[in-house]
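Scroll down for the structure; my scribbles are underneath it.
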There are 2 protein chains.
Amino acid sequence: MMQTAPIDAVMRSLADPTRRSVFERIVRSREITVAELTLGSGVTQGAISQHLRALKQAGLVIDRPEGRNVHYRARPEGLKPLVDWMAQYDLFWRERFAGLHALLEEVEP
Amino acid sequence: MMQTAPIDAVMRSLADPTRRSVFERIVRSREITVAELTLGSGVTQGAISQHLRALKQAGLVIDRPEGRNVHYRARPEGLKPLVDWMAQYDLFWRERFAGLHALLEEVEP
DNA sequence: CAAACACGTTAGTAAATGCTAATGCATTAG
DNA sequence: CTAATGCATTAGCATTTACTAACGTGTTTG
């Protein structure tokens, strides 16, 4: 059943729509509290805390406790496993179709 | 619970280690049959077929029936939702840390 | 001090997921 | 034709998952 690699935690974390939405909101806000994240979401605060734990464990976010609030912010290096994974297959496709490579090029023409 | 977007199917498909391994083997082989995929995996042929259905539905692979065999090959455009998703956040991070952008640059110095 | 607040944690539940074993359906081999 | 092969599909099962409701802990307010 394969061992648990970093790419595993990242993929699994971002696979759930609700959790991915939480991550996206954290990225867009420079910093955001749990209460603020709960407001926009359709779920309870407890659920948000659980998603945050998963994201934190995957290395995608970090928290900064301040008084009785906890501010979360994104951790860009957290996406490195995903970038590396895609880059690995970029190699294969570049040789064959220049497919993914072309897609990556679109990011910055 | 958010509507089902293309990024959803892609992320969900690649989240499972076994299924991601199947996808990786399809990419590395230009074409590969279900029987060949079954051999390397630790699961039954039925399980492989189920994973292939998920990958196909996500647009990540296509099949080419030939006699009583079915050859699978990767579909590079299938990863576009993932590339787009990352590019979207590349924008934010480039402004703030130049983090993900730097990572993407590593792909082709 | 007590009450309110922000957040994490837990038990319990319904639903989704990945798997096996078995079956069915074409296609090829003998 | 009959047997065997390659693959998809299905039912059933065990596990995981995302959620709510409730509670616990630490911090601020009055």
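Every chain is numbered from 1 and lettered A, B, ... according to where its sequence line falls, protein lines coming before strand lines. Hydrogens, waters and symmetry mates are skipped; everything else that's a heavy atom, side chains included, is used.
Proximity of a side-chain donor or acceptor of A/Thr38 to a complementary backbone N or O of A/Val34 within less than 3.5 Å is detected. In this structure, the side chain of A/Ser49 does not engage the main chain of A/Gly46 through any donor-acceptor pair within 3.5 Å. For A/Arg75 (side chain) and A/Gly59 (main-chain N/O), a donor-acceptor pair under 3.5 Å exists by modelled atom type. Here the side chain of A/Arg25 pairs no donor or acceptor atom with the backbone of A/Arg20 at under 3.5 angstrom.
Taking CZ of B/Arg73 as the reference point, atom CD1 of B/Ile62 lies at 3.5 Å (rounded to 0.5 Å).
Straight-line distance from the NE2 atom of B/His71 to the C1' atom of D/dA8: 16 Å, rounded to whole Å. Rounded to a whole Å, the CZ atom of A/Arg64 is 16 Å from the P atom of C/dA6. Summarising the geometry, the separation between CD on A/Gln57 and C1' on C/dG8 is reported as 15 Å, rounded to the nearest angstrom. Distance, B/Leu52 CG to C/dG18 C1': 14 Å, rounded to whole Å. What separates CZ of A/Arg19 from C1' of C/dA16 is a distance of 14 Å, to the nearest Å. When rounded to the nearest whole Å, the span between CD of A/Gln45 and C1' of C/dG8 equals 7 Å. At whole-Å resolution of the value, CD1 in A/Ile26 and P in C/dC7 are 12 Å apart. For B/Leu55 and C/dG18, the CG to P distance is 11 Å, given to the nearest whole Å.
Remark: B/Val34, B/Ala35 in residues 34-44 of chain B come within less than 4.0 Å of DNA chain D through at least one heavy atom.
Residue B/Gly46 is in base contact, counting any heavy-atom pair closer than 4.0 Å across all strands shown.
A close approach under 4.0 Å does occur between a side-chain nitrogen or oxygen of A/Tyr72 and OP1 or OP2 of C/dG8. When the side-chain nitrogen and oxygen atoms of A/Thr18 are compared with OP1 and OP2 of D/dC19, one or more of them lie within a distance under 4.0 Å.
Between A/Arg68 and A/Arg53, it is A/Arg68 whose nearest contact on DNA chain C lies nearer the 5' terminus.
Counting heavy atoms from C-beta on, the side chains of B/Leu39 and B/Thr33 never come closer than 4.5 Å.
For B/Gln50, taking side-chain heavy atoms from C-beta onward, the closest of the listed nucleotides C/dC5, D/dG6, C/dT20 is C/dT20.
Between A/Leu60 and A/Ser13 the shortest heavy-atom distance is CD1-CB, 4.0 Å.
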